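Every chain is numbered from 1 and lettered A, B, ... according to where its sequence line falls, protein lines coming before strand lines. Because only heavy atoms are used, hydrogens play no part in the values below, and waters and symmetry mates are left out as well, while side chains stay in. No experiment lies behind these values; they were computed from the predicted model shown.
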Amino acid sequence: MTKTEQYSIASLVTTVLIFLYLTMRLTEDWRFVEATPGFLLTTYVICIVLVIIAESIWSGVIFSGGSAKTDKDERDLAIEARAEASAGIFLAVVINVIIVNTLLRRLYQSDYPVLNEFLELGSPTEIFYVLFSLLLAGHAVKLVSTLIMYRK
Amino acid sequence: MKKGRVQNCIKELRQARRLSQQALGDHVGATRQTINAIEQGKYAPSLELAFRISAEFAVPFEDVFSFDPDG
């Protein structure tokens, strides 16, 4: 297993844990809480700090040791580039889905009540949760793509 | 147009010189995993790495790598 694969697994676990923390903090009985902007800002800062600490630890532990002269070579960089492209495509698709969903809700909500079943970005908590989750999901897609491409 | 396939005999050359994948990787600036992927035909190396590998074995490039357009 390459160091990049080890780092990807560790980072993926971190990403899932941060997402669970975010969900725990912003939901109650699987519904969004009415959080104040201060609470949201605190949550944001905590998440960012946790991510920075975790990523620093993983990078330090995984990439610092070892006797191999080469940690990353051209194949690693090629896989990284393709994984980033996958994450970019994923984010573009999801953002477009959110845009279309938001527009359709406003346009046809009264005609098609079924639209109420879908995502509504009506409060700062929901917007914050969805956007931050999207960042985490994009990162997770990159990591999963990396792991898959190493195994292909 | 068919994609084709880059074939190589790195494994045979490496084993003839009693080199490990790690040692060859260290000499040419690649990881052991990349050398393994190249040997198995899962990864086609860049021209630069391919030239490094043939130079490491001190044999002509075409003795190490070949291209199968129907592969």
Side-chain angles (χ1 to χ4, degrees), chain A residues 1-16 54-90 92-93 138-152, chain B residues 1-15 17-71:
Chain A
M1 190 182 280
T2 63
K3 292 189 173 189
T4 310
E5 281 176 284
Q6 294 171 23
Y7 171 77
S8 296
I9 291 171
S11 187
L12 190 60
V13 171
T14 305
T15 305
V16 171
E55 295 289 317
S56 304
I57 290 172
W58 295 134
S59 297
V61 169
I62 293 169
F63 288 109
S64 67
S67 57
K69 288 180 186 170
T70 311
D71 284 339
K72 266 189 180 182
D73 62 8
E74 61 174 46
R75 178 168 167 260
D76 297 310
L77 297 177
I79 286 175
E80 198 175 307
R82 286 167 64 190
E84 278 175 7
S86 304
I89 290 168
F90 168 79
V93 168
H139 188 56
V141 167
K142 180 191 163 188
L143 297 170
V144 171
S145 304
T146 301
L147 291 170
I148 290 170
M149 281 187 266
Y150 270 108
R151 298 285 153 179
K152 261 173 42 174
Chain B
M1 189 175 77
K2 286 183 180 175
K3 199 177 173 187
R5 187 183 176 94
V6 175
Q7 295 174 326
N8 66 78
C9 55
I10 293 174
K11 189 174 182 180
E12 292 74 15
L13 290 166
R14 181 177 59 75
Q15 287 176 340
R17 286 161 178 75
R18 299 181 181 225
L19 268 176
S20 66
Q21 289 181 335
Q22 181 70 59
L24 175 61
D26 286 345
H27 289 163
V28 299
T31 60
R32 184 195 63 75
Q33 289 82 2
T34 295
I35 298 298
N36 185 47
I38 295 170
E39 284 184 358
Q40 291 185 19
K42 291 180 177 176
Y43 175 69
S46 67
L47 262 181
E48 184 187 336
L49 180 57
F51 275 113
R52 280 179 196 272
I53 291 170
S54 54
E56 179 64 27
F57 292 129
V59 294
F61 183 85
E62 58 271 23
D63 287 356
V64 186
F65 294 96
S66 59
F67 180 67
D68 177 13
D70 301 320

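Residues A/Asp73 and B/Thr31 share a closest heavy-atom pair of OD2-N, 2.8 Å.
A/Ser11 meets the side chain to side chain contact (heavy atoms under 4.5 Å, CB included) test with A/Tyr7, A/Thr15, A/Glu55, A/His139, A/Leu143; sequence neighbours excluded.
For the atom pair CD of B/Gln33 and NZ of A/Lys3, the computed distance is 10.0 Å after rounding to the nearest 0.5 Å.
Atom CZ of A/Arg82 sits in a sparse spot, with 12 or fewer heavy atoms from other residues, nucleotides or ligands closer than 6.0 Å.
Remark: the backbone N or O of B/Ser46 is paired with a side-chain donor or acceptor of A/Glu74 at under 3.5 angstrom.
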